[in-house]
Amino acid sequence: MKGVLLVNLGTPDSPSTSDVRKYLRQFLSDPRVIDINPLARFLLVNFIIAPFRAPKSAKLYKEVWTEKGSPLLVYSQSLAHLVQQQLGKKYHVELAMRYQQPSIDQALLKLKHCTDITILPLFPQYSSACNTSVGENVMSIISKWQIIPSIKFINSFYDDAQFLNAWIQVAKQFELSHFDHILFSFHGLPQRQLVKADDANHCLQTKNCCDTITEKNKFCYSANCHATAHTIAARLGIAKSNYTICYQSRLGRDPWVQPYTDQVLKQMAAEGKKNLLVFAPAFVADCLETIHEIGTEYDELFKEHGGQKVTLVPSLNDSPAWVDAVCNLITEPKHELSL
């Protein structure tokens, strides 16, 4: 029996303030996420961010919560179910969240009978904060087992042909010529995390250091994002002058990867753009950051500055092309690491 563990980021158990606070504390206490002095991180998370951010975030979660629960969890569960169906009885597929439930340790326990386990973090573009955090957590659990199976870790899939094709299929529902400009909005990261991951002294040394993938930046999150956006745009016939790559969801005052999506929106409105289409290719399942931040918050911001409409391209969720892509990543992985 071959084991498969699909891992997404996580979501609160409910949109209550207490559950959101619990989620934020676990998520932001990860040293891979907030990579500062441990004492400073503890104080920042437990006495500033979680207490003050939780009530506000809880209200937002209530707006996106469905009858079945958190959209991210619902779509991820459906994806795991469909992947299991497609792979068949030779595989045992489990879903886990890096933070909260279902937990990685609970999911791995169900896979303990497998002779080899493939770990697929559902984060297309590599980052230490997401992909490496999952790998470390998995290995800390499995290292305590008496019998350790063969572990294969899919490091990233930002350039996987079927992953990209899944985005092309989702985009087909839109007439691109009806939009004045297109944004590819990725989740942001602090610039310091990009520099830490750079062993070639390449990061932020030139203006367009992320625009093309090379041996020096192939593990750079921003370079991965650019590669994903450029390929999707090329496949859809979008000229470079008609799209912008930007980054959302920044936290704190330190510089993050730029340009920032909210500032790009203001710029687009100032230039007279009225209708924008936004892809969010770092998110494979719709969640708070896509449904509310882009679909509601950015739409309102754009209108405030003279625009008319921000339209969100839905995430891959449990679409057939995405299910096919995940199955292919598992059976024929290109970015596989043996741990």
Side-chain angles (χ1 to χ4, degrees), residues 123-127 156-189 194 206-214 217 220-250 256-284 286 289-291 293-303 305-316 319 321-322:
F123 316 116
Q125 299 82 23
Y126 171 79
S127 72
S156 65
F157 50 91
Y158 67 92
D159 60 349
D160 179 76
Q162 290 195 241
F163 160 70
L164 295 165
N165 179 64
W167 276 107
I168 302 304
Q169 298 306 312
V170 170
K172 285 183 176 180
Q173 63 188 286
F174 299 97
E175 180 56 59
L176 301 184
S177 62
H178 291 172
F179 298 91
D180 300 314
H181 200 76
I182 293 170
L183 304 186
F184 289 92
S185 181
F186 294 86
H187 197 289
L189 281 180
L194 300 190
T206 60
K207 183 178 180 181
N208 299 314
C209 62
C210 295
D211 205 44
T212 303
I213 289 287
T214 68
N217 66 6
C220 170
Y221 172 75
S222 181
N224 285 188
C225 292
H226 277 69
T228 297
H230 289 326
T231 305
I232 294 174
R235 290 276 304 276
L236 292 172
I238 307 170
K240 279 197 171 184
S241 59
N242 292 335
Y243 71 90
T244 300
I245 299 169
C246 46
Y247 301 87
Q248 64 184 83
S249 309
R250 67 185 186 276
W256 282 43
V257 192
Q258 297 177 31
Y260 303 136
T261 303
D262 55 353
Q263 294 181 1
V264 171
L265 287 168
K266 295 176 184 179
Q267 177 186 339
M268 292 293 109
E271 292 176 359
K273 304 290 193 300
K274 296 300 181 184
N275 291 290
L276 303 181
L277 183 66
V278 183
F279 289 81
F283 303 94
V284 299
D286 276 315
E289 285 81 1
T290 61
I291 298 170
E293 187 172 11
I294 296 175
T296 299
E297 182 180 335
Y298 287 163
D299 181 55
E300 293 174 352
L301 178 66
F302 188 54
K303 289 175 179 176
H305 288 79
Q308 290 182 356
K309 179 67 177 174
V310 167
T311 299
L312 170 69
V313 177
S315 291
L316 303 179
S319 62
W322 175 223

K.L.:
side-chain hydrogen bond (donor to acceptor under 3.5 Å, both in side chains) with N217: which residues, sequence neighbours excluded?
P.N.:
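For N217 the side-chain hydrogen bond (donor to acceptor under 3.5 Å, both in side chains) partners, ignoring immediate neighbours, are T214.
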K.L.:
May I have the list of side-chain donor-acceptor pairs in residues 273-281 shorter than 3.5 Å, sequence neighbours left out?
P.N.:
| from | atom 1 | to | atom 2 | distance (Å) |
| --- | --- | --- | --- | --- |
| K273 | NZ | E271 | OE1 | 3.2 |
| K274 | NZ | G306 | O | 2.9 |

K.L.:
Taking only residues two or more places apart in sequence or in another chain, which ones pass side chain to side chain contact (heavy atoms under 4.5 Å, CB included) with K207?
P.N.:
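Applying side chain to side chain contact (heavy atoms under 4.5 Å, CB included) to K207 gives none.
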K.L.:
Does S249 offer a backbone N or O that forms a donor-acceptor pair with the side chain of E293 under 3.5 Å?
P.N.:
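Yes, because the side chain of E293 sits within donor-acceptor range (under 3.5 Å) of the backbone of S249.
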K.L.:
Just jot down the side-chain hydrogen bond (donor to acceptor under 3.5 Å, both in side chains) partners of S127, sequence neighbours excluded, or say none.
P.N.:
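Scan of S127 (side-chain hydrogen bond (donor to acceptor under 3.5 Å, both in side chains), adjacent residues dropped) gives none.
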K.L.:
Could you tell me which residues satisfy side chain to side chain contact (heavy atoms under 4.5 Å, CB included) with E175, sequence neighbours excluded, listed by chain and number?
P.N.:
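Listed in chain order: S177, H178.
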K.L.:
Please answer whether the main-chain N or O of Y126 pairs with a side-chain N or O of N224 as donor and acceptor at a distance below 3.5 Å.
P.N.:
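Answer holds: yes.
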K.L.:
Could you list the residues that satisfy side chain to side chain contact (heavy atoms under 4.5 Å, CB included) with C209, not counting sequence neighbours?
P.N.:
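For C209 the side chain to side chain contact (heavy atoms under 4.5 Å, CB included) partners, ignoring immediate neighbours, are H202, T206.
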K.L.:
Please round to the nearest 0.5 Å and tell me the distance separating atom NE2 of H181 and atom OG of S241.
P.N.:
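The distance works out to 8.0 Å.
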K.L.:
Are Q173 and P314 side-chain neighbours, meaning at least one heavy-atom pair lies under 4.5 Å?
P.N.:
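They are in side-chain contact.
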K.L.:
With a 3.5 Å cut-off and sequence neighbours excluded, list the donor-acceptor pairs that the side chains of residues 231-239 form with protein atoms.
P.N.:
| from | atom 1 | to | atom 2 | distance (Å) |
| --- | --- | --- | --- | --- |
| T231 | OG1 | A227 | O | 2.8 |
| R235 | NH2 | N165 | OD1 | 3.4 |

K.L.:
How many angstroms lie between atom OG1 of T261 and atom NE2 of H187, to the nearest 0.5 angstrom?
P.N.:
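If I round to the nearest 0.5 Å, the distance is 10.5 Å.
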K.L.:
With distance as the sole criterion, is a donor-acceptor pair present between the side chains of Y158 and H226 under 3.5 Å?
P.N.:
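No, no side-chain donor-acceptor pair sits under 3.5 Å.
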K.L.:
Residues in salt bridge (Lys or Arg N to Asp or Glu O under 4.0 Å) with D211, at least two apart?
P.N.:
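Salt bridge (Lys or Arg N to Asp or Glu O under 4.0 Å) list for D211, sorted by chain: K240.
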K.L.:
Using the test side-chain hydrogen bond (donor to acceptor under 3.5 Å, both in side chains), find all partners of E289 that sit at least two apart in sequence or belong to another chain.
P.N.:
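Residues passing side-chain hydrogen bond (donor to acceptor under 3.5 Å, both in side chains) with E289: none at all.
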K.L.:
Please report the interatomic distance CD(Q162) to CD(Q169), rounded to the nearest 0.5 Å.
P.N.:
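It comes to 11.0 Å.
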K.L.:
The criterion is side chain to side chain contact (heavy atoms under 4.5 Å, CB included); which residues satisfy it with D299, sequence neighbours excluded?
P.N.:
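Result, side chain to side chain contact (heavy atoms under 4.5 Å, CB included) vs D299: K303, K309, V310.
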K.L.:
Who passes salt bridge (Lys or Arg N to Asp or Glu O under 4.0 Å) against D262, sequence neighbours left out?
P.N.:
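By the salt bridge (Lys or Arg N to Asp or Glu O under 4.0 Å) rule, D262 matches R250.
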K.L.:
Under a 4.5 Å cut-off applied to non-hydrogen side-chain atoms, are T228 and F184 in contact?
P.N.:
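Side-chain contact under 4.5 Å: no.
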K.L.:
For E297, which residues count as a side-chain hydrogen bond (donor to acceptor under 3.5 Å, both in side chains) partner, sequence neighbours excluded?
P.N.:
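Result, side-chain hydrogen bond (donor to acceptor under 3.5 Å, both in side chains) vs E297: none returned.
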